[in-house]
Protein chains: 2
Amino acid sequence: MTRVGARTGGSAPRSVDVARLAGVSQKTVSRVLNGERYVSDEVRRRVLEAADQLGYRLNSAARALASGRTRSIGVVTLGTALYGPASLLIGIERAARDAGYALRVVNTLEGDAGGAAGAVESLLEQGVDGIVVSEPIDEGAVSLSVDVPVLVLGAPAAFGGTRTVSAGVGAELLARTATEYLLDLGHTTVHHVAGPGRWFAARDRLEGWRTALTARGREQPPVLTGDWSAASGYAAGRELAAADDVTAVFAANDDMAIGVIRALTEAGLRVPDDVSVAGFDDIPVAAYVTPPLTTMRQPFDAVAREGLRLLVRAIETPGTDLPPPDDPPVELVVRASTAPPRPRAPSRG
Amino acid sequence: MTRVGARTGGSAPRSVDVARLAGVSQKTVSRVLNGERYVSDEVRRRVLEAADQLGYRLNSAARALASGRTRSIGVVTLGTALYGPASLLIGIERAARDAGYALRVVNTLEGDAGGAAGAVESLLEQGVDGIVVSEPIDEGAVSLSVDVPVLVLGAPAAFGGTRTVSAGVGAELLARTATEYLLDLGHTTVHHVAGPGRWFAARDRLEGWRTALTARGREQPPVLTGDWSAASGYAAGRELAAADDVTAVFAANDDMAIGVIRALTEAGLRVPDDVSVAGFDDIPVAAYVTPPLTTMRQPFDAVAREGLRLLVRAIETPGTDLPPPDDPPVELVVRASTAPPRPRAPSRG
DNA sequence: CTGAAAGCGCTAACAG
DNA sequence: CTGTTAGCGCTTTCAG
């Protein structure tokens with residue numbers, strides 16, 4: 001039977017109660033519970049049994065106070081249900097738990113002035129051994145001089161102060177790859193629907209798109225900017241539909257790509273026959289919208305995992321400089337929303 | 001300038017350091033920091049100033065140890081980026097923070113035997129004043145006899161032990177409404193693509209669909225079951241396309257509805273002309289897929305907010321039984337994926 | 001391999 | 001309105 005928190009009466013048992021029952025000192029209980037060496041198997045067994053019998057639960061506040069370590073990691077994340085941030089959070093939680101850390105989470109509402117700084121401050125007050133800032137946006141000169149290691153996910157390594165490690169999906173390369181793919185298909189140029197300018201994630205993708213175009217000496221059409229939502233992609237799509245020279249669009253995420261396709265479709269343009277549209281993220285529905293979306297898959301889980309490994313290293317063995325992680329693999333998922341441009345495109349009617 | 005965690009040298013200042021600098025006793029510092037009454041404005045100002053000057057940060061482990069309260073709430077949630085759970089988590093975080101509580105998060109991997117029980121145990125060990133179990137799945141006889149209040153979001157109130165409060169989106173009513181809407185359109189019956197049977201959320205929707213059909217004396221077609229993913233909806237959609245009598249489908253979430261539409265479309269069926277499809281959740285892209293999806297909006301934020309209010313009440317003023325929350329508003333969002341059945345439907349060709 | 005003593009930094013009573 | 005005295009339940013020395 002799964003029984004959680006069975007407590008017969010009175011207050012919660014403390015380690016000294018366990019010690020008494022096991023016939024050892026309280027310190028020995030502590031040793032056993034912390035998996036320290038130099039405890040005889042016999043004693044260990046007795047202690048564990050006594051603890052189990054009493055339904056003993058370690059008091060982590062007391063432990064934190066005495067040891068100065070909390071065994072927990074704080075996460076600052078955006079308060080949105082966007083696929084990217086949500087996936088990262090899940091990866092972080094899993095990796096943290098595997099490493100023996102609990103998770104404290106604080107959301108920043110976008111638009112909050114100094115949101116990240118406030119969030120970090122609040123985590124520090126809660127007590128954390130390390131902090132993950134997930135997909136931050138540029139808030140100007142926030143000096144995050146914090147006394148615990150910080151992992152920044154999806155922003156330049158330079159962000160923040162010392163003891164900062166970082167990991168990213170290599171979004172720039174991914175964006176460049178997507179753009180090149182469209183160019184390789186034969187499109188003269190590629191239009192871009194970018195994410196909000198303050199997001200590093202948006203900038204990276206924009207940069208990758210630019211790089212690809214520049215490398216081939218192609219003209220850079222004006223950039224349209226959305227807010228990651230399908231609604232904003234739809235708005236951008238209406239503008240694109242009104243223009244006359246659009247044959248390929250690279251949207252900075254799948255939601256916006258879906259909005260773009262919708263607008264194009266409503267304007268009587270066919271995707272991919274008249275206009276190719278590529279997205280970014282490979283959200284779960286991407287394969288099932290009409291037409292199925294060509295997109296760049298982001299290795300969220302790998303990034304979170306790798307980043308956390310670095311963070312834990314920084315927490316537990318400070319001073320060990322380990323090399324930045326390899327760039328995660330580039331994965332272009334080609335589906336049906338992209339195709340070569342129509343030969344000698346007839347003027348629209 | 002936003003400066004976080006500036007610390008000049010040595011170790012972190014403690015409240016006694018603040019007291020010394022402000023020329024008061026340490027207890028007075030504690031009073032000021034806890035916003036207690038009976039402190040003169042003058043003293044309060046001096047203390048605050050001294051704290052600020054030293055970059056003082058309260059040690060919450062010490063506070064928790066001394067007070068027996070952690071001022072934090074634990075959340076057990078599924079480790080998926082599904083829109084529902086993710087939205088709930090965001091709502092919970094916001095509401096918790098507004099109420100002055102920090103958040104600890106533990107994910108359960110679906111399929112984990114006793115996942116929820118283990119997660120709760122881990123939260124209890126971390127130290128929390130209350131627990132939120134978000135969108136649980138039925139794990140059989142887990143006896144959650146925990147010594148803190150528990151809020152269960154999206155499961156029957158009976159789930160769990162004493163001191164359990166619950167809140168839900170009223171999914172059954174919503175599902176019934178969606179089904180009735182389809183019936184009102186003139187469809188003879190409505191097919192259902194359900195979520196996984198162990199999810200209470202899936203059962204509620206199934207029940208609502210059943211109720212609507214039963215109330216009108218309509219035949220209940222066999223239920224297809226998915227796993228919330230668009231891929232599983234697609235699989236279900238293929239089966240539905242193969243059948244000959246399908247004119248209306250109600251999917252238990254939008255992702256599956258999108259998959260169903262895709263399969264139908266590929267089979268040469270038009271939505272909504274040949275088959276109407278309704279979803280559930282109103283995910284952000286629902287309005288922009290082709291065709292825009294008719295769906296039931298779930299008031300995630302309101303549910304989280306309301307639930308947390310109950311939980312905080314249970315934590316802070318035990319014994320106060322307050323009435324269960326009102327059922328949240330029912331919101332049917334009609335878009336273009338549903339329509340009346342075609343008159344005298346011709347046999348398919 | 002095990003134990004005794006001394007705090008970690010705060011809040012809870014109780015005085016004043 | 002403010003201060004004093006005890007702990008909260010652990011981990012850390014330092015001895016055995």
Side-chain angles (χ1 to χ4, degrees), chain A residues 7 10-48 50-51 54-72 100 102 124-129 147, chain B residues 7 10-48 50-51 54-72 100 102 124-129 147:
Chain A
R7 185 84 72 243
S11 61
R14 295 153 301 146
S15 65
V16 65
D17 299 320
V18 176
R20 199 146 33 216
L21 184 59
V24 297
S25 79
Q26 187 255 18
K27 170 65 216 184
T28 298
V29 173
S30 171
R31 281 208 180 86
V32 171
L33 265 26
N34 286 305
E36 289 173 29
R37 280 171 315 175
Y38 307 129
V39 181
S40 71
D41 287 352
E42 163 60 11
V43 167
R44 182 180 305 276
R45 199 192 52 66
R46 284 215 318 269
V47 168
L48 258 18
L54 292 174
Y56 171 74
R57 206 139 47 204
L58 189 94
N59 179 324
S60 65
R63 166 190 283 197
L65 181 57
S67 70
R69 292 191 41 205
T70 62
R71 302 198 187 206
S72 69
L124 255 15
E125 193 151 304
Q126 290 178 45
V128 292
D129 295 343
D147 40 7
Chain B
R7 185 85 72 246
S11 60
R14 295 153 299 148
S15 65
V16 66
D17 300 320
V18 175
R20 200 146 31 215
L21 183 59
V24 297
S25 78
Q26 187 256 18
K27 172 65 216 184
T28 298
V29 173
S30 173
R31 282 208 179 87
V32 171
L33 266 25
N34 286 305
E36 288 173 30
R37 280 171 315 175
Y38 306 129
V39 181
S40 73
D41 287 352
E42 163 60 9
V43 166
R44 181 180 304 275
R45 197 191 54 66
R46 283 214 319 267
V47 168
L48 258 18
L54 292 173
Y56 171 73
R57 207 139 46 205
L58 193 102
N59 180 324
S60 64
R63 165 191 283 194
L65 182 57
S67 69
R69 291 190 42 204
T70 63
R71 304 199 186 205
S72 70
L124 256 15
E125 193 151 302
Q126 291 177 44
V128 291
D129 296 342
D147 40 8

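Per chain, numbering begins at 1; letters A, B, ... match sequence-line order.
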Of all the heavy-atom pairs spanning Leu65(B) and Ala61(A), show the shortest one and how long it is.
N-CB, 4.0 Å
Beyond-backbone contact of Val24(B) with Arg31(B), side-chain heavy atoms, under 4.5 angstrom
no
What is the distance, to the nearest angstrom, from the CZ atom on Arg14(A) to the C1' atom on dG7(D)?
11 Å
Side-chain (Ser60(A)) to main-chain (Gln126(B)) donor-acceptor, under 3.5 angstrom:
yes
Presence of Ser25(B) side-chain N/O under 4.0 Å of dT2(D) phosphate oxygens OP1/OP2:
no
What are the two closest non-hydrogen atoms of Pro13(B) and Gly55(B), and how far apart are they?
CG-O, 4.1 Å
Under the 3.5 angstrom rule, does the side chain of Ser25(A) hit a backbone N or O of Thr28(A) as a donor-acceptor pair?
yes
Which part of the nucleic acid, if any, lies within contact of Val43(B), taking any heavy atom under 4.0 Å across all strands shown: a base, the sugar-phosphate backbone alone, or nothing?
sugar-phosphate
Leading and trailing nucleotides of DNA chain C with any atom under 4.0 Å from heavy atoms of chain A
dC1(C) to dG9(C)
Atom-to-atom span, CG of Leu65(B) to C1' of dC8(D) - whole angstrom:
4 Å
Please list each protein N or O that sits under 3.5 Å from an N or O in nucleotides 11-15 of chain D, with the distance.
from: dT11(D); atom 1: OP1; to: Asn34(A); atom 2: OD1; distance (Å): 3.4
from: dT11(D); atom 1: OP1; to: Asn34(A); atom 2: ND2; distance (Å): 3.1
from: dT11(D); atom 1: OP1; to: Arg63(A); atom 2: NE; distance (Å): 3.1
from: dT11(D); atom 1: OP2; to: Ser30(A); atom 2: OG; distance (Å): 2.5

Give the minimum heavy-atom separation between Arg46(B) and Ala22(B), together with the two atoms involved.
NE-O, 3.0 Å
Under 3.5 Å, is there a donor on one side chain and an acceptor on the other for Gln26(B) and Ser15(B)?
yes
State, to 0.1 Å, how close Leu33(B) and Leu48(B) come at their nearest heavy-atom pair, and which atoms those are.
CD1-CD1, 4.3 Å
